[in-house]
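Chain A is the first sequence line, chain B the second, and so forth, proteins listed ahead of strands; every chain is numbered from 1. Note that the coordinates shown come from a computational prediction; the quantities given were computed from them, not determined experimentally. Values below: every heavy atom of this structure, side chains too, minus hydrogens, waters and symmetry copies.
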Amino acid sequence: MREAVVEAVLDLAAIVPPGRVLSYGDVAELLDVGGPRLVGRIMSLHGDAAPWWRIIRANGSLPDELMERAVVHYRREGTPLAAPAAGPAKVRMAQARWMPQEEEFAAIERLRRKVSEATDGMGA
DNA sequence: AGGATGACATTAC
DNA sequence: GGTAATGCCATCC
């Protein structure tokens, strides 16, 4: 069910440590869901129910309006930002990209499995 | 069924 | 270091 996916995505966003980020694609891969676009869609609908600024584009950017709001959080959390030549700032993915440790991986694995059994075992 | 859309990703230039 | 073209997956008309 989509709800299960939504839950998992929001849940994952919630366990991303402050100062760190994940790309939409990372989330999609960690949870083994359709793809980046689906994750983006979910965030657009339910992003306000989670630390949405920790789920960003693979190149460390976000839509301009969102980035304006996100930068506030980044400064507060100490997220590595790139010096913007022009326009809104960008996150340094190389530095900020979250690498889950084994224990955290286990939690993610649980989420992924939950989604899997929800999306898989339907209809039949 | 066919086509357009979206908080995207990758590759090529 | 950019922008442009293609590919992606799920949804909605």
Side-chain angles (χ1 to χ4, degrees):
Chain A
M1 191 169 200
R2 313 294 164 268
E3 268 303 320
V5 180
V6 173
E7 257 187 62
V9 171
L10 297 181
D11 223 335
L12 179 54
I15 65 179
V16 174
R20 293 305 196 56
V21 299
L22 281 179
S23 76
Y24 296 100
D26 289 340
V27 174
E29 212 168 304
L30 285 170
L31 297 179
D32 195 25
V33 296
R37 313 209 66 152
L38 180 58
V39 176
R41 212 173 105 64
I42 291 172
M43 293 309 287
S44 73
L45 296 173
H46 308 274
D48 51 339
W52 51 268
W53 57 92
R54 294 184 198 149
I55 308 297
I56 69 179
R57 289 182 182 152
N59 64 355
S61 71
L62 275 174
D64 297 13
E65 297 82 28
L66 293 175
M67 186 50 91
E68 289 183 34
R69 278 180 268 165
V71 170
V72 179
H73 294 286
Y74 292 150
R75 290 206 215 280
R76 196 190 57 205
E77 296 184 355
T79 307
L81 294 176
K90 285 198 317 188
V91 175
R92 286 208 213 186
M93 287 305 281
Q95 270 57 258
R97 196 177 204 178
W98 179 44
M99 311 289 204
Q101 304 306 305
E102 286 191 33
E103 309 165 11
E104 311 174 304
F105 232 88
I108 295 172
E109 178 70 11
R110 265 199 305 284
L111 292 176
R112 190 192 63 71
R113 187 156 44 77
K114 198 166 67 175
V115 173
S116 178
E117 73 186 40
T119 56
D120 178 55
M122 64 174 222

*Asks:* What heavy-atom pair brings A:Gly35 and A:Ala28 nearest, and what distance separates the two atoms?
*Replies:*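 Shortest heavy-atom contact: C-CB, 3.5 Å.
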*Asks:* If the condition is side-chain contact (heavy atoms from CB on, under 4.5 Å), which residues does A:Ala50 pass it with, not counting sequence neighbours?
*Replies:*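 Here the qualifying residues are A:Leu10, A:Ala13.
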*Asks:* If you take all heavy atoms of A:Val115 and A:Ala8, which pair is closest and at what distance?
*Replies:*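 The pair with the smallest heavy-atom distance is CG2-CB, 3.3 Å.
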*Asks:* Applying salt bridge (charged side-chain N to carboxylate O under 4.0 Å, His left out), which residue pairs with at least one partner in residues 34-48 of chain A are found, sequence neighbours left out?
*Replies:*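 Those involving residues 34-48 of chain A do not exist here.
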*Asks:* Using atom types as modelled, flag every donor-acceptor pair under 3.5 Å from a side chain in residues 66-74 of chain A to any protein atom, sequence neighbours excluded.
*Replies:*
| unit_1 | atom_1 | unit_2 | atom_2 | d |
| --- | --- | --- | --- | --- |
| A:His73 | ND1 | A:Arg76 | NH2 | 3.3 |
| A:Tyr74 | OH | A:Trp53 | O | 2.5 |

*Asks:* Of all residues at least two apart in sequence or in a different chain, which pass the salt bridge (Lys or Arg N to Asp or Glu O under 4.0 Å) check with A:Glu104?
*Replies:*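 Partners of A:Glu104 by the salt bridge (Lys or Arg N to Asp or Glu O under 4.0 Å) criterion come out as none, since no residue qualifies.
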*Asks:* Check the distance between C:dA10's P and A:Glu3's CD and give it to me in whole angstrom.
*Replies:*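 In whole Å, C:dA10 P lies 17 Å from A:Glu3 CD.
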*Asks:* Indicate the atoms forming the closest heavy-atom contact of A:Pro51 with A:Ala14, along with that distance.
*Replies:*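 Nearest heavy atoms, A:Pro51 then A:Ala14: CG-CA, 3.9 Å.
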*Asks:* Can you give me the N/O atom pairs linking the protein to nucleotides 2-4 of chain C at distances under 3.5 Å, or say none if there are none?
*Replies:*
none

*Asks:* What distance do A:Trp98 atom CH2 and A:Ile15 atom CD1 have between them, rounded to the nearest 0.5 Å?
*Replies:*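 The CH2 atom of A:Trp98 sits 4.5 Å away from the CD1 atom of A:Ile15.
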*Asks:* With sequence neighbours left out, write down each residue that passes salt bridge (Lys or Arg N to Asp or Glu O under 4.0 Å) with A:Glu109, or none if nothing qualifies.
*Replies:*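 If we apply the salt bridge (Lys or Arg N to Asp or Glu O under 4.0 Å) test to A:Glu109, skipping adjacent residues, the hits are A:Arg112.
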*Asks:* Suppose we screen for side-chain hydrogen bond (donor to acceptor under 3.5 Å, both in side chains). Which residues come up paired with A:Asn59, at least two apart in sequence or across chains?
*Replies:*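 In terms of side-chain hydrogen bond (donor to acceptor under 3.5 Å, both in side chains), with neighbours along the sequence ignored, A:Asn59 is linked to A:Ser61.
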*Asks:* Under the rule for salt bridge (Lys or Arg N to Asp or Glu O under 4.0 Å), what residues qualify as partners of A:Arg57, not counting sequence neighbours?
*Replies:*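 Once residues adjacent in sequence are excluded, A:Arg57 has no partner under the salt bridge (Lys or Arg N to Asp or Glu O under 4.0 Å) criterion.
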*Asks:* Among residues 67-76 of chain A, which contact DNA chain B at a heavy-atom distance under 4.0 Å?
*Replies:*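 Nucleic-acid contacts, sorted: none.
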*Asks:* Taking atom C1' in both C:dC13 and B:dA7, compute the distance separating them and give it to the nearest angstrom.
*Replies:*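 Nearest-Å result for C:dC13 against B:dA7 at atom C1': 22 Å.
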*Asks:* Among residues 18-34 of chain A, which ones have heavy-atom contacts with DNA chain B below 4.0 Å?
*Replies:*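 The stretch gives A:Ser23, A:Tyr24, A:Gly25 as the residues lying under 4.0 Å from the strand, ordered by number.
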*Asks:* Enumerate the residue pairs fulfilling side chain to side chain donor-acceptor pair (under 3.5 Å) with a member in residues 18-31 of chain A, sequence neighbours excluded, ordered by first and then second residue.
*Replies:*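 The answer is A:Ser23-A:Asp26, A:Asp26-A:Arg97.
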*Asks:* I'd like to check A:Val9 versus A:Val27 (side-chain heavy atoms, cut-off strictly below 4.5 Å). Are they in contact?
*Replies:*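 A side-chain contact under 4.5 Å exists here.
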*Asks:* DNA chain C: A:Arg41 or A:Arg37, which has the more 5' nearest nucleotide?
*Replies:*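 Looking at the nearest nucleotide for each, A:Arg37 comes out on the 5' side.
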*Asks:* If you walk 5' to 3' along DNA chain B, what is the first nucleotide with an atom under 4.0 Å of a heavy atom in chain A, and what is the last?
*Replies:*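 Counting from the 5' end, contacts occupy B:dG6 to B:dA9.
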